[in-house]
Protein chains: 2
Amino acid sequence: MTQTKTDPRILRTRKLIMDSFIELSGKKEFKDITVKDITAEAMINRATFYYHFEDIYDLLEKVLSEVLLINLNGNAFEDGELSESTLASIFKAITEFQLSLSNRCHRGYEDTIARIVREQLEIIFYRMLLKQNRLEEDESLKITAVILSWGIYGASVEWRRNSTITPPEEFIKKAMPYIMSGIKSASENKGN
Amino acid sequence: MTQTKTDPRILRTRKLIMDSFIELSGKKEFKDITVKDITAEAMINRATFYYHFEDIYDLLEKVLSEVLLINLNGNAFEDGELSESTLASIFKAITEFQLSLSNRCHRGYEDTIARIVREQLEIIFYRMLLKQNRLEEDESLKITAVILSWGIYGASVEWRRNSTITPPEEFIKKAMPYIMSGIKSASENKGN
DNA sequence: TGAGAATTGTCGTTTATCCAACACATTGGA
DNA sequence: TCCAATGTGTTGGATAAACGACAATTCTCA
């Protein structure tokens, strides 16, 4: 399952850094967090930080990806199909993620965050599409994943803007018929 | 205050090992804890353990010393004199330490533990005696510290055996007049 | 009792982390 | 404006930790 086993020190240190960053981002805004702050909190040398991450934006990227992945796996969709319920639980996970972020004061970095989340979604969708379609359609699947990721993410932004009172499940349900029949018909046309 | 600053990695790893040992000793008896268990819990390499400690008994020794010291410092006696109240609070600390140990199932190692605790006490008493007496009396002070450490420790054993209901402060208070007048008169004779 | 398994200490090599120092922004007062 | 302070990213040399392997106990249980 896991690839070549990595040095335990690496895992330990990465976790230290990431946890410290998450901890700090609960206290200050992102723009006020320095590398020094992080390494001090993590009790590691500053040079070690640069051994693991390009810079603080690289860290942000990887932390967000990881937190998002945990959120997604927490809502156990695993190796599921790209079904209606799977899509709904992914959407729910994203909205939860958004809410947890808004408590963490990453104001001013919405664009960066949006990009990271969308990229993760694209990867996930692509992987799921691959499982239930022919490999020859690779290009189509990639593009479909892109469209789906933008679409779903956009929906989550819309949800956050207007209707945080509406449960995310209901919210996404409204669009579901269109999304699914599109996916289904594509699937049927290709004769999977 | 602190000596030459030690490599942060050393502090980190020592703490990892000690914490893991304390954690484990809450689950198993000491005799059932292996070095492998500890390093697995601490997520460090087994060889690293031997870089820091002679063997598992060395670890036990150092952990106990540390826990005891924390208990003692917690009851803040600091650079105090060897006064009645100081002695009482030290005694109280020891009884608390004993109780915390009995929860941790170190059955069969009472002798080892006793030796370690007594040695720590001796160090502490000697340091305090040094502060309030002439340096020429070094040999006397050393022996006095030995006697005091055995005596106080023995009292704590007695307390645990009979009268866990009696507050330790009251218990030791009964012997206090004799102890103190002894110390005082010695102090006077030497004309501090 | 004896054979297989587990634990203990140790060693040499490789790798991650520490440290001090560096040049180069960026910032915020005087 | 200038300059002191602070943060960034990089380097080279030193050191702690990881790894795998080893012989030598010690255990376990058939």
Side-chain angles (χ1 to χ4, degrees), chain A residues 1-25 27-63 66 105-109 112, chain B residues 1-25 27-64 66 105-109 111-112:
Chain A
M1 187 59 90
T2 54
Q3 54 271 43
T4 62
K5 56 187 169 185
T6 41
D7 193 316
R9 285 173 286 182
I10 292 188
L11 300 175
R12 225 198 336 277
T13 303
R14 288 229 174 99
K15 184 162 165 41
L16 272 175
I17 294 176
M18 288 186 163
D19 287 352
S20 301
F21 176 66
I22 292 175
E23 174 69 21
L24 281 178
S25 67
K27 299 180 194 159
K28 323 180 179 187
E29 303 203 12
F30 176 72
K31 70 172 171 47
D32 294 330
I33 298 176
T34 71
V35 174
K36 208 177 173 187
D37 291 337
I38 296 169
T39 57
E41 171 88 20
M43 290 190 297
I44 60 153
N45 194 276
R46 204 164 53 85
T48 306
F49 175 92
Y50 292 102
Y51 184 87
H52 293 280
F53 303 95
E54 290 250 336
D55 52 28
I56 207 172
Y57 301 99
D58 184 33
L59 172 62
L60 173 65
E61 185 143 341
K62 284 171 176 155
V63 165
E66 180 143 313
C105 306
H106 281 266
R107 281 189 295 267
Y109 285 84
T112 310
Chain B
M1 187 64 87
T2 54
Q3 55 272 39
T4 63
K5 57 186 170 188
T6 41
D7 193 315
R9 286 172 285 182
I10 292 188
L11 301 175
R12 223 196 340 276
T13 303
R14 288 228 175 101
K15 182 159 167 45
L16 272 175
I17 294 176
M18 289 187 163
D19 286 352
S20 302
F21 176 66
I22 292 175
E23 174 70 20
L24 281 177
S25 68
K27 300 180 193 161
K28 323 180 178 187
E29 303 204 14
F30 176 72
K31 71 172 169 47
D32 294 329
I33 298 177
T34 71
V35 174
K36 207 177 172 187
D37 292 337
I38 296 169
T39 58
E41 171 87 21
M43 290 191 297
I44 59 151
N45 194 274
R46 203 164 54 83
T48 306
F49 176 91
Y50 292 102
Y51 183 87
H52 292 280
F53 302 95
E54 291 251 334
D55 51 29
I56 207 171
Y57 301 98
D58 184 32
L59 172 62
L60 173 65
E61 185 142 341
K62 285 174 175 156
V63 166
L64 288 184
E66 180 142 314
C105 306
H106 282 266
R107 280 188 295 269
Y109 284 84
D111 297 346
T112 310

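Just so we're on the same page: letters track the sequence lines, and every chain starts at 1. If you're wondering where the values come from, they're calculated on a predicted model, not measured in any experiment.
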Gap between atoms OH and C1', on A/Tyr51 and C/dC19 respectively (whole Å):
16 Å
Atom CG of B/Asp55 to atom P of C/dT8: distance rounded to whole Å?
10 Å
Can a donor-acceptor pair under 3.5 Å be found between the side-chain atoms of A/Arg9 and the base atoms of C/dT17?
no
Taking atom C1' of C/dT14 as reference, at what distance in whole Å does atom CG of B/Asn45 sit?
12 Å
Assuming nearest nucleotide by heavy-atom distance, tell me which of B/Lys36 and B/Pro8 is located more 5' along DNA chain C.
B/Lys36
When you check the phosphate oxygens OP1 and OP2 of C/dT10, does a side-chain N or O of B/Tyr50 lie under 4.0 Å from one of them?
no
So what does B/Arg12 touch, heavy atoms closer than 4.0 Å: a base, only the sugar-phosphate, or nothing?
sugar-phosphate
Using whole Å, report how far CZ of B/Phe49 lies from C1' of C/dT10.
14 Å
Output a table of donor-acceptor pairs, distance under 3.5 Å, between side-chain atoms of residues 15-22 of chain A and any protein atom two or more places apart or on a different chain; print 'none' if there are none.
from: A/Lys15; atom 1: NZ; to: A/Asp19; atom 2: OD2; distance (Å): 2.7
from: A/Ser20; atom 1: OG; to: A/Leu16; atom 2: O; distance (Å): 2.7
from: A/Ser20; atom 1: OG; to: A/Ala42; atom 2: N; distance (Å): 3.3

Any side-chain heavy-atom pair from B/Tyr50 and B/Arg46 closer than 4.5 angstrom?
yes
Interatomic distance, B/Lys5 NZ vs C/dC19 P [rounded to whole Å]
7 Å
Tell me whether the OP1 or OP2 atom of C/dA16 has a side-chain N or O from A/His52 closer than 4.0 Å.
no
Report yes if some heavy atom in the side chain of B/His52 is under 4.5 Å from a heavy atom in the side chain of B/Asp58; otherwise report no.
no
For B/Thr34 and C/dA6, is the shortest distance between a side-chain N/O and OP1 or OP2 below 4.0 Å?
no
Counting only heavy atoms not in A/Glu66, do more than 12 fall under 6.0 Å of its CD?
no
Are any of A/Lys31's side-chain N or O atoms less than 4.0 Å away from OP1 or OP2 of C/dT26?
no
Using only atom types and a distance under 3.5 Å, with no angle test, would you say the side chain of B/Arg12 pairs donor to acceptor with the backbone of B/Asp7?
no
Rounded to the nearest Å, what distance is computed from the CD1 atom of residue B/Ile10 to the C1' atom of nucleotide C/dA16?
15 Å
Any base atoms under 4.0 Å from A/Ile56, or only sugar-phosphate, or nothing? Heavy atoms, all strands.
nothing
5'-most contact on DNA chain D (nearest-nucleotide basis), B/Thr13 vs A/Ala47, goes to A/Ala47
Nucleotide range of DNA chain D lying under 4.0 Å from chain A heavy atoms:
D/dG7 to D/dG20
Would you mind reporting whether B/Leu24 and B/Ile38 have side-chain heavy atoms less than 4.5 Å apart?
yes
Output the rounded distance in Å from CD1 (B/Ile33) to P (C/dT8).
11 Å
A/Val63 and A/Leu60: side chain to side chain contact (heavy atoms under 4.5 Å, CB included), yes or no, with the steps?
CA-CA 5 Å; A/Val63 165; A/Leu60 173 65; 5.8 Å; no
